[in-house]
Amino acid sequence: MTKTRKLFGTDGIRGTANQDPMTVEVAQKLGQAAGLRFMRGTHRHRVLLGKDTRLSGYMIECALVSGFLSAGVDVTLAGPMPTPAIAMLTRSLRADLGVMISASHNPFGDNGIKLFGPDGFKLSDETEAEIEALMRADLTGRLATPEAIGRASRLNDAAGRYIENAKASFPRGRRLDGLRIVIDCANGAAYRVAPTALWELGAEVIRIGCEPNGVNINENCGSTRPEALCAAVVAHEAHIGIALDGDADRLLIADEQGRLIDGDQILALIARSWSRQGRLSAKQVVATVMSNMGLARCLDGLGLELVRTAVGDRYVVERMRELGVNLGGEQSGHMVLSDFATTGDGLVAALQVLAVLVEEGRPASEVCRMFTPFPQLLRNVRFVGKSPLHAPAVQEARRQAEAELGTEGRLLLRESGTEPLVRVMAEAEDPALVERVVAGMCAVIGSAQEAA
């Protein structure tokens with residue numbers, strides 16, 4: 001079978017609902033192919049299936065279920081649950097496969113499908129390629145006989161299981177009593193479990209973005225639109241605010257003044273805390289090429305090394321496993337704490353931040369700001385058809401820009417794994433230089449796109 005991927009991107013399959021590839025037909029074929037790929041013995045095979053709150057989740061869920069059942073795989077439905085909950089429950093329930101229906105931080109009109117192996121980790125590129133090859137193959141004769149068709153059931157205690165697992169990551173004997181916390185769940189998958197976990201640990205909880213209606217996920221709320229969180233923190237005189245995204249695998253923080261704290265600062269905070277406690281498994285922390293140079297300097301001051309990897313929490317996890325590192329993350333807010341989770345978990349990461357806040361007894365504005373970031377600018381250039389990234393004019397402009405930035409700056413050009421965009425990012429100590437480099441690169445990429 002051909003080992004190439006066309007459907008899977010950096011985080012599963014994603015697209016506009018009811019349009020290729022996010023169609024009923026593709027989802028059903030995926031269910032059949034993934035079900036067959038993970039047949040591994042004579043036992044009754046089972047897949048755990050969760051989703052976020054998008055309207056199209058019903059449609060994709062039904063198509064996946066029919067595909068898995070026709071392959072002879074039983075399906076356990078978890079309903080709306082965070083992505084990390086599905087990863088955790090897949091391993092806990094000894095399921096053969098975990099599936100999350102979500103387009104994460106994207107608008108409601110998009111949807112996606114993420115797959116987890118029986119160990120709770122996202123699948124490798126090679127395994128995804130094998131599934132795609134099966135989707136293209138003729139499966140006649142390989143599907144279940146009538147008596148072997150799978151059955152579907154519902155996991156009624158999924159939320160309670162995840163809440164208890166998340167709470168177990170909080171330091172034993174410590175409580176959130178006296179803390180007023182704003183939690184913004186992006187009208188997404190964590191709208192019930194995240195506020196409940198915080199309340200059960202003793203916090204006074206102000207909920208926003210917790211009224212999903214199928215079409216308002218990530219709409220002017222959550223970690224991609226944190227303005228509402230910042231305003232609510234100030235209005236309610238809260239000690240801290242937490243913004244999750246649609247599937248709750250990432251977060252941002254707002255301090256008591258309503259100012260944002262990004263993933264780099266959160267990663268540095270947890271790294272310092274765990275280093276002091278002797279909880280880091282190595283003197284290394286894994287982050288992506290997008291993380292600020294200020295993070296690298298901060299970690300160096302703590303006696304830790306920043307190891308960079310490609311963008312995407314799955315690549316962070318892969319590198320962490322290779323190196324034996326138990327802490328990694330992304331500037332966008334994916335925090336991977338492998339002592340507690342196999343993928344990014346916004347709630348678990350938030351609890352680590354809150355543990356430090358309680359321990360130190362100081363305002364979030366003091367506790368959570370670990371370093372002064374280098375001026376960094378990110379802009380996107382949308383394209384149609386073939387990416388202009390490798391055009392000769394773009395490559396020449398890149399060489400000139402890198403020479404101008406020198407050794408005290410960075411330029412990053414990359415294609416988005418989920419949208420037809422070229423992302424242009426630069427950072428250096430001189431903000432005017434950063435602005436000039438990014439504007440120049442965007443202009444060249446735009447001209448190359450028009451000339452293509």
Side-chain angles (χ1 to χ4, degrees), residues 11-12 48 50-52 78 80-93 98-100 102 104-105 114-117 119-122 158-171 176 181 183-186 188-198 200-201 222-223 242-253 261-264 266-267 269-271 273-274 279 281 285-288 312-318 320-321 325-356:
D11 198 15
L48 178 70
K51 61 182 179 180
D52 64 22
M81 289 291 293
T83 288
I86 299 304
M88 181 274 292
L89 289 167
T90 297
R91 185 167 58 175
S92 175
L93 295 169
V99 182
M100 179 65 183
S102 176
S104 189
H105 59 279
K114 308 178 187 184
L115 303 180
F116 295 91
D119 58 0
F121 287 97
K122 290 180 180 178
R161 284 172 177 251
Y162 173 66
I163 289 170
E164 288 305 312
N165 183 77
K167 286 164 56 182
S169 71
F170 197 67
L176 297 176
I181 302 172
I183 178 74
D184 180 352
C185 295
Y191 77 99
R192 290 180 297 178
V193 295
T196 300
L198 295 173
E200 290 182 359
L201 285 169
S223 62
I242 301 164
L244 305 175
D245 67 338
D247 68 336
D249 65 352
R250 63 164 143 176
L251 83 157
L252 292 180
I253 297 291
I261 299 162
D262 69 10
D264 283 347
I266 296 169
L267 193 59
L269 176 68
I270 298 174
S273 174
W274 283 19
R279 291 176 57 187
S281 59
V285 175
V286 178
T288 76
D313 68 317
R314 62 180 294 188
Y315 300 117
V316 171
V317 172
E318 287 176 3
M320 289 171 63
R321 297 178 77 182
V325 172
N326 63 345
L327 178 61
E330 294 192 274
Q331 187 184 66
S332 60
H334 285 118
M335 296 292 119
V336 184
L337 291 71
S338 62
D339 289 353
F340 307 118
T342 56
T343 189
D345 192 323
L347 176 57
V348 167
L351 290 175
Q352 296 303 303
V353 174
L354 292 171
V356 178

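Position 1 is the first residue of the sequence; numbering continues from there.
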Search all heavy atoms of Tyr162 against all heavy atoms of Pro82 and return the closest pair with its distance. CE2-CG, 4.0 Å
Do the side chains of Lys167 and Glu164 get close enough for a salt bridge, i.e. N-O under 4.0 angstrom? yes
Is the backbone of Val336 close enough, under 3.5 Å, to the side chain of Glu330 for a donor and an acceptor to pair up by distance? no
For Ala248 against Ala190, the heavy-atom pair lying closest together: CB-CB, 3.6 Å
Nearest 0.5 Å please: distance from the CD1 atom of Ile266 over to the CD1 atom of Ile261. 7.0 Å
Does the side chain of Leu252 come within less than 4.5 Å of Asp262's, by heavy atoms? yes
Qualifying residue for side chain to side chain contact (heavy atoms under 4.5 Å, CB included) with Leu251, from Leu244, Val348, Ile183: Leu244
Note: Asp11-Lys114 ion pair, threshold 4.0 Å (strictly below): yes
Looking only at heavy atoms, what is the nearest atom pair of Leu48 and Ala78, with distance? CD1-CB, 4.2 Å
Between Val317 and Lys122, is the side-chain contact (heavy atoms from CB on, under 4.5 Å) condition met? List the steps. CA-CA 9 Å; Val317 172; Lys122 290 180 180 178; over 6 Å; no
Under 3.5 Å: donor-acceptor pair, side chain of Thr196, backbone of Arg192: yes
Taking the side chain as C-beta and beyond, is there a heavy-atom pair between Arg250 and His105 under 4.5 Å? yes
For the student: nearest non-hydrogen atoms of Ala158 and Met81, plus distance: O-CE, 3.5 Å
Per the side-chain hydrogen bond (donor to acceptor under 3.5 Å, both in side chains) rule, which among Asp52, Asp345, Asp249, Asp247 passes with Thr83? Asp247
Could you tell me which residues satisfy side-chain contact (heavy atoms from CB on, under 4.5 Å) with Ser281, sequence neighbours excluded, listed by chain and number? Asn326
Is the backbone of Leu269 close enough, under 3.5 Å, to the side chain of Ser273 for a donor and an acceptor to pair up by distance? no
Student check: side-chain heavy atoms of Leu354 and Leu198 closer than 4.5 Å: yes
Would you call Ile242 and Ile253 a side-chain contact if the rule is heavy atoms closer than 4.5 Å? yes
Heavy-atom closest pair (Leu351 atom, Ser169 atom, distance to 0.1 Å) is CD1-OG, 3.8 Å
Is a donor from one side chain sitting under 3.5 angstrom from an acceptor on the other, for Asp313 and Thr343? yes
Interatomic distance, CD1@Ile270 vs CG@Leu337, rounded to 0.5 Å, equals 5.0 Å
Contact check, side chains of Arg91 and Phe116, non-hydrogen atoms, under 4.5 Å: no
So which heavy atom on Met335 is nearest to which on Ala349, and how close? CB-CB, 3.5 Å
Rounding to 0.5 Å, atoms CG (Asp245) and OG (Ser223) come to a distance of 4.5 Å
Note, Met320 side chain near Val316 side chain (heavy atom, < 4.5 Å): yes
Thr342 side chain vs Gly120 backbone, donor-acceptor pair below 3.5 Å: yes
